[in-house]
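Beneath this line is the structure, given in C-alpha cells, with notes to follow.
All of these numbers come straight from a predicted model, not from anything done at the bench.
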Amino acid sequence: MGLFGINWYRYAAPQAFYPLAGKMIPWFAAIAVTLGISGLYISLCIAPTDFQQGEVYRIIFVHVPAAWMSMFIYLVMAGWAGIGLALNARLSFMMAQALAPTGAMFTLLALVTGSLWGRPTWGTWWVWDARLTSELILLFLYIGFMALQSAIEDPRRADRAGAVLALVGVVNVPIIYFSVEWWNTLHQGASIGLTRAPAMAAPMLWGVLLMALAFWAYTIVVALMRVRCVIAERAREAHWLNEMREST
Amino acid sequence: MNTLAILRWLLWRELMLTLRRRSDLVAVLFFFVISVSLFPLGVGAEPSLLRVMGPGVLWVAALLSVMLSLGRLFAADFADGTLEQLLLMPVPLALAVSVKIMAHWLVFGLPLVLLAPLLGLQFGLSWQEAGVLTFSLLLGTPSLSLIGAIGAALTLGVRGAGVLVALLVLPLYVPVLIFGAGAAAASAADISPQGALSLLGALLVLGTAFGPYATAAALRIALD
C-alpha cells in the first residue's frame with residue numbers, strides 16, 4: 001500500500017497502466033490546451049514589443065520552452081531508463097521509448113526557431129555558439145537512442161540496450177556542454193552577447209513559463225498515447241487487450 | 001590461475017589474434033593517412049591555412065579511424081562463442097573488458113599516435129606543436145577506445161552495426177575531440193596547453209573508471 005491508499009506498484013504492469021493512461025490523456029490534453037491558449041494570448045497580445053528587437057523577439061515564447069523541454073525530457077528519459085534497469089520494469093523502458101521522439105522534436109524545434117531568430121537579430125542563420133552546438137549534439141544523442149532501439153529486433157534487448165545508452169548519454173551531456181563552452185571561448189571569443197541574461201518584463205516571463213508548462217503537459221499527453229501504442233503492439237497476442245477492446 | 005595471470009593471458013591472446021590478421025590493422029592505418037592527406041587536396045595547399053587546420057584534421061581522422069576499428073573489438077568473439085566463455089571466466093567481466101580495450105588501443109590507437117608527428121610535420125606544424133599534438137593523441141585515443149567499446153557492445157550482432165556505431169559513438173567523442181585539438185591549437189597560439197591536456201587526462205580517468213562497467217553491462221544484455 002502506498003500514498004493515498006493506492007497500490008502504485010499495480011500500475012507498473014502494462015496491463016493495468018494501459019487503461020489508466022487512457023483515462024489520464026484527456027485531462028492532460030485539457031491542461032495543455034488551456035495553458036497553451038493563455039500562454040499564446042499573453043505572449044502575442046499582452047507582452048510589450050521589445051525596444052531593441054521589435055516583434056521578432058516573440059519567437060522566445062516557443063524557443064526557450066522548447067529548449068528547456070529538450071533537455072528536461074532527456075533527463076526524464078534517462079531516469080525512466082535507470083529505473084527500468086534497476087527494477088527490471090518493462091513499463092519504465094516503454095516510457096523512455098515513448099519520450100524520445102518528443103524530445104527529439106523539441107530539440108529540432110529549438111534549433112529551427114533559434115536559427116529563424118538568429119537571422120534577423122544576429123544576421124546569420126547559425127553560429128557555433130556553445131548552446132547551439134550542444135543542442136545539436138543533444139539531437140544526435142536522441143537520434144542515436146531511437147536508431148539503436150529500432151535496429152534491435154528483440155524488444156527486451158532493445159529496451160535494455162537503449163537504457164544503457166541513455167544513461168551513458170546523460171553522464172555525457174554536462175561534459176559535452178562544458179567542453180563546447182570551453183571550445184567556444186578559445187576559438188571565437190565573446191563576439192555575440194548570447195550569455196547575458198536579459199532582464200525580462202513580467203508578462204514576458206509569464207508567457208515563457210505558461211508556454212513551458214503547456215509544452216510539458218503536451219509531452220505527457222503524447223508520451224502516454226505513444227506508450228499505449230507500444231503496450232498494444234507488444235501485447236497484440238495477449239488476450240487481455242482483446243478482452244478490453246471487446247468490452248468497450 | 002589467479003586473476004592477474006588470466007588477464008595477462010587474455011591480453012596476450014588479443015594481441016596475437018589482431019597481429020596475425022595484419023590486414024585489418026594496415027587498413028585502419030592507411031585510412032588514417034589517406035583521410036589526412038585528402039584535406040590539403042580539398043582545401044588547397046596554403047601553408048598558413050594548413051598549419052591552423054592541422055591539429056583538427058589529424059584529430060578528426062584519428063576519431064574516424066578508431067571508430068572504423070571498433071567492429072573488431074567484440075564481433076569475432078561474439079560470432080564464435082568466445083564472448084560467452086569470457087562471461088563465465090572467474091574474473092569480473094569489467095576487468096576482462098578493460099584488458100580487451102587495452103589490447104585494442106595498443107593495436108589500433110598507439111600506431112595512430114606514432115604516425116601523428118610525421119603527418120603533423122606535413123601540415124607545417126612546428127616541432128613543439130607536433131609534440132603537443134602527439135601527446136594529446138596519446139592521452140585522448142585510449143578514451144576513444146573506452147567510449148567506443150560501449151557502442152560496439154551495444155550494437156553487437158545488430159543489422160547495420162557499422163553505421164549505427166558511428167551514430168552512437170561520434171556525439172560522445174565530442175569532448176575528447178575538443179580538448180585534444182584544443183591543446184594543439186593552444187600551443188600554436190602560444191597559450192599553455194596544460195589546461196586542455198589536464199582535462200583530457202580527466203576524461204581518460206573517468207572513462208577508465210566507468211567505461212568498462214557500461215561495456216560489460218551492454219555485453220551482458222547482448223548475450224542475454
(request) Search all heavy atoms of Leu148(A) against all heavy atoms of Leu154(B) and return the closest pair with its distance. (result) CD1-O, 4.0 Å

(request) Count the heavy atoms belonging to other residues, nucleotides or ligands that lie under 6.0 Å from CZ of Arg90(A), then report whether that count exceeds 12. (result) no

(request) Indicate the atoms forming the closest heavy-atom contact of Leu156(B) with Arg157(A), along with that distance. (result) O-NH2, 2.8 Å

(request) Check Val168(A) against Ala214(B) and note the closest heavy-atom contact, atom names and distance. (result) CG2-CB, 4.1 Å

(message) Are Leu203(B) and Ile175(A) packed together at the side-chain level, in the sense that at least one heavy-atom pair is separated by less than 4.5 angstrom?
(response) yes

(request) Sort Ala161(B) into side chain, backbone, both or neither according to what part of it lies under 4.5 angstrom from a heavy atom of chain A. (result) neither

(message) For Phe17(A), I'd like to know if atom CZ has over 12 heavy atoms of other residues, nucleotides or ligands within 6.0 Å.
(response) yes

(request) Step through the shown structure and confirm whether more than 12 heavy atoms of other residues, nucleotides or ligands are within 6.0 Å of CE on Met24(A). (result) yes

(message) I'd like to verify something: which residue of Gly157(B), Ala196(B), Gly160(B) has the highest number of heavy-atom pairs under 4.5 Å with chain A?
(response) Ala196(B)

(request) Please round to the nearest 0.5 Å and tell me the distance separating atom OG1 of Thr155(B) and atom CD1 of Ile152(A). (result) 8.0 Å

(message) Ignoring hydrogens, what is the shortest heavy-atom contact between Ala147(A) and Leu167(B)? Give both atom names and the distance.
(response) CB-CD2, 3.6 Å

(message) To check you understand the geometry: which heavy-atom pair defines the closest contact between Pro171(B) and Ile176(A), and what is its length?
(response) O-CD1, 3.7 Å

(request) Count the heavy atoms belonging to other residues, nucleotides or ligands that lie under 6.0 Å from CZ of Phe31(B), then report whether that count exceeds 12. (result) yes

(request) Return yes when atom OH of Tyr213(B) has more than 12 non-hydrogen atoms of other residues, nucleotides or ligands closer than 6.0 Å, and no otherwise. (result) no

(message) Nearest 0.5 Å, please: how far is CG in Asn172(A) from CD1 in Ile147(B)?
(response) 6.0 Å

(message) Heavy-atom pairs under 4.5 Å with chain A: which of Ile221(B), Leu199(B), Leu177(B), Leu170(B) has the most?
(response) Ile221(B)

(message) As an exercise, state the distance from CG of Leu141(A) to CG of Leu172(B), rounded to the nearest 0.5 Å.
(response) 6.0 Å

(request) Flag yes if more than 12 heavy atoms outside Tyr218(A) fall under 6.0 Å of its OH atom; otherwise flag no. (result) no

(message) Quick one, Arg159(B) and Glu153(A) - any side-chain contact, counting heavy atoms below 4.5 Å?
(response) yes

(request) Taking all non-hydrogen atoms of both residues into account, name the closest pair between Ala151(A) and Leu164(B) and its distance. (result) CB-CD2, 3.6 Å

